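To start, the structure under review is shown below, and the notes come after it.
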Amino acid sequence: MNSIDSALTVAGIVWRRYVDDFVLVTANQSEAYRALSVLSHALADYGLTLNRTKTTILTAKHYVDYVKAQLGTSDDQANKLAEIDLRFDPYSDSPESDYDELKEIVEGLDIRALLDSELRKAQPDTFLVTQIGRTLRLHDPDAALRLCKTLLSPKNLHAFRASWSTIMRGVASVCSDARFASIHDALDQLLDAIPNHLPHLLLADVSCLHYLRALRFRRTQERATFVQRVHSSTSSEAVKRGCLDCWRLWKDRTVFTRERNRWNSLSAEEQRMIWFSAAQFGDEGFKFRDQVRKSTANGWRLGFERGGDSTFASVYCDWTETDRHAHIS
């Protein structure tokens with residue numbers, strides 16, 4: 001990094017760096033873009049690139065506000081929210097009382113006002129927005145919908161893109177919960193609009209996976225089209241599995257039939273998801289498992305099996321057989 005530092009100094013740029021985070025100080029916006037160009041070219045000489053989601057231009061006032069937020073000097077409500085442990089553990093000794101306590105704490109905060117406050121900042125506090133995403137399941141349906149509308153509107157979601165994963169997990173937790181059934185249609189509309197308005201947020205595989213997990217609970221024509229397009233164009237095994245998981249929960253028999261007919265050309269990971277999905281299709285799915293069972297022994301080998309021990313394929317097949325027993329009973 002010393003060579004990159006030197007390139008910035010030679011170019012007359014005022015800079016500070018902590019590990020791999022740069023702060024460039026310029027007199028105006030045009031100089032800011034010039035400085036970014038110098039840094040970008042200096043990084044490229046070493047095969048490095050700027051992180052676009054973290055690169056932003058702030059005025060001096062907004063930068064001061066951003067630093068204050070990171071140092072925890074924001075208002076009391078924001079500090080209280082930041083300090084809450086929102087990672088609910090359903091396996092604790094008292095899960096119900098823990099959940100009620102979390103709800104009570106969240107209800108005592110004006111989450112909507114905190115979210116509006118973050119929107120007014122040039123650089124929202126990522127952790128605070130993350131905490132707000134974690135609170136979604138702790139509100140009543142109407143309040144949760146209002147927060148989701150703010151988080152998922154195109155302009156706001158772009159500003160909150162650094163908190164994308166937590167926002168999507170929070171929305172998914174609401175979409176999967178029957179207590180919020182009254183707002184599921186409205187949430188579907190908000191989610192289905194994202195590929196049209198903010199397609200760039202879905203380019204990274206991990207971002208697309210978080211989005212797919214929020215889609216998988218209900219089928220709409222828009223998301224069915226999106227999932228098919230993604231599955232056809234991606235080279236990522238993880239994203240392909242995410243698409244297959246959507247089809248599994250939607251019980252899409254047409255796709256299941258198409259993919260099972262491609263069994264021999266599928267990767268091992270895709271095969272395992274098709275095998276798992278088969279339980280959704282009753283006798284047809286179980287007959288399919290019986291037909292391909294022998295091929296799993298070699299196809300799913302991990303490469304370090306030992307003679308006489310159970311193989312990964314046999315363990316996986318035995319585990320999924322519980323689906324069959326449940327179906328028969």
Side-chain angles (χ1 to χ4, degrees), residues 53 84-91 95 99 102-103 106 111 115 126-154 156-158 160-199 201-231 234 236 238-252 273 276-277 280:
T53 63
I84 300 174
D85 182 3
L86 291 168
R87 299 183 183 278
F88 171 64
D89 180 10
Y91 301 107
Y99 183 79
L102 271 180
K103 284 193 66 176
V106 170
I111 302 295
L115 186 56
T126 299
F127 181 71
L128 199 63
V129 176
T130 294
Q131 286 289 80
I132 291 172
R134 289 172 178 158
T135 69
L136 291 177
R137 72 194 192 286
L138 299 172
H139 296 279
D140 64 75
D142 289 339
L145 180 58
R146 287 194 294 272
L147 288 171
C148 287
K149 284 182 176 179
T150 301
L151 289 167
L152 298 180
S153 74
N156 298 344
L157 190 54
H158 178 77
F160 295 148
R161 61 192 181 279
S163 303
W164 170 269
S165 62
T166 308
I167 291 173
M168 285 297 116
R169 286 199 297 269
V171 172
S173 70
V174 174
C175 289
S176 65
D177 195 328
R179 294 175 302 156
F180 296 90
S182 61
I183 65 171
H184 284 169
D185 288 341
L187 284 178
D188 287 342
Q189 294 178 19
L190 293 170
L191 286 169
D192 290 344
I194 291 175
N196 294 326
H197 298 296
L198 300 166
L201 295 182
L202 300 170
L203 294 177
D205 288 343
V206 66
S207 298
C208 187
L209 279 169
H210 282 297
Y211 181 61
L212 289 171
R213 288 182 66 83
L215 300 184
R216 62 192 181 133
F217 302 104
R218 292 178 52 158
R219 184 188 187 279
T220 68
Q221 187 55 52
E222 290 83 359
R223 64 187 57 174
T225 300
F226 171 81
V227 171
Q228 182 58 62
R229 183 171 72 248
V230 168
H231 186 265
T234 187
S236 166
V239 174
K240 286 181 182 292
R241 289 203 316 271
C243 294
L244 290 168
D245 197 32
C246 287
W247 289 323
R248 175 181 72 87
L249 290 177
W250 296 344
K251 298 184 179 182
D252 193 322
M273 183 56 80
F276 186 54
S277 302
Q280 299 283 11

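On a predicted model such as this, the values are computed, not experimentally measured, just so you know. FYI, the numbering just counts along the sequence from 1.
What you find for Ala172 and Ala214 is that their closest heavy atoms are CB-CA, 3.9 Å. The shortest heavy-atom contact between Cys148 and Leu136 is SG-CD1, 4.0 Å.
Taking the salt bridge (charged side-chain N to carboxylate O under 4.0 Å, His left out) definition, one finds that Arg213 meets it with nothing, sequence neighbours left out. With sequence neighbours excluded, no residue forms a side-chain contact (heavy atoms from CB on, under 4.5 Å) with Gln189.
Taking 4.5 Å as the limit, some side-chain heavy atom of Leu115 sits within range of a side-chain heavy atom of Leu147. Residues Ile194 and Phe226 have side chains not in contact (no heavy-atom distance under 4.5 Å, counting atoms from C-beta outward). At a threshold of 4.5 Å between non-hydrogen side-chain atoms, the residues Leu244 and Phe276 do not count as touching. For the pair Asp188/Arg223, a side-chain contact is recorded, criterion being any heavy-atom separation below 4.5 Å from C-beta on. Using a 4.5 Å cut-off on side-chain heavy atoms (C-beta onward), Tyr211 and Leu191 make contact. Thr166 places none of its side-chain heavy atoms less than 4.5 Å from the side chain of Ile132.
Ion pairing between a basic and an acidic side chain is recognised when a charged N comes within 4.0 Å of a carboxylate O; Arg179 and Asp140 show no such pairing. Here Arg137 does not pair with Asp177 in a salt bridge; the nearest charged N to carboxylate O distance is not below 4.0 Å.
With Arg161 as the fixed residue, the side chain to side chain contact (heavy atoms under 4.5 Å, CB included) test singles out one of Leu201, Leu198, Val129: Leu201.
Looking at Ser277, its side chain does come within 3.5 Å of a backbone N or O of Met273 through a donor-acceptor pair. Checked by atom type and distance alone, the side chain of Ser207 never pairs as donor or acceptor with a backbone atom of Leu203 at under 3.5 Å.
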Next on the checklist: Before you tell me yes or no, could you show the steps for Thr220 and Asp192 under side-chain hydrogen bond (donor to acceptor under 3.5 Å, both in side chains), namely the whole-Å CA-CA distance, both residues' side-chain angles and the distance that decides it to 0.1 Å?
Outcome noted: CA-CA 8 Å; Thr220 68; Asp192 290 344; 2.8 Å; yes
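Using a 30° and 60° split on the angle between ring planes, Trp247 and His231 fall in the perpendicular class, above 60°.
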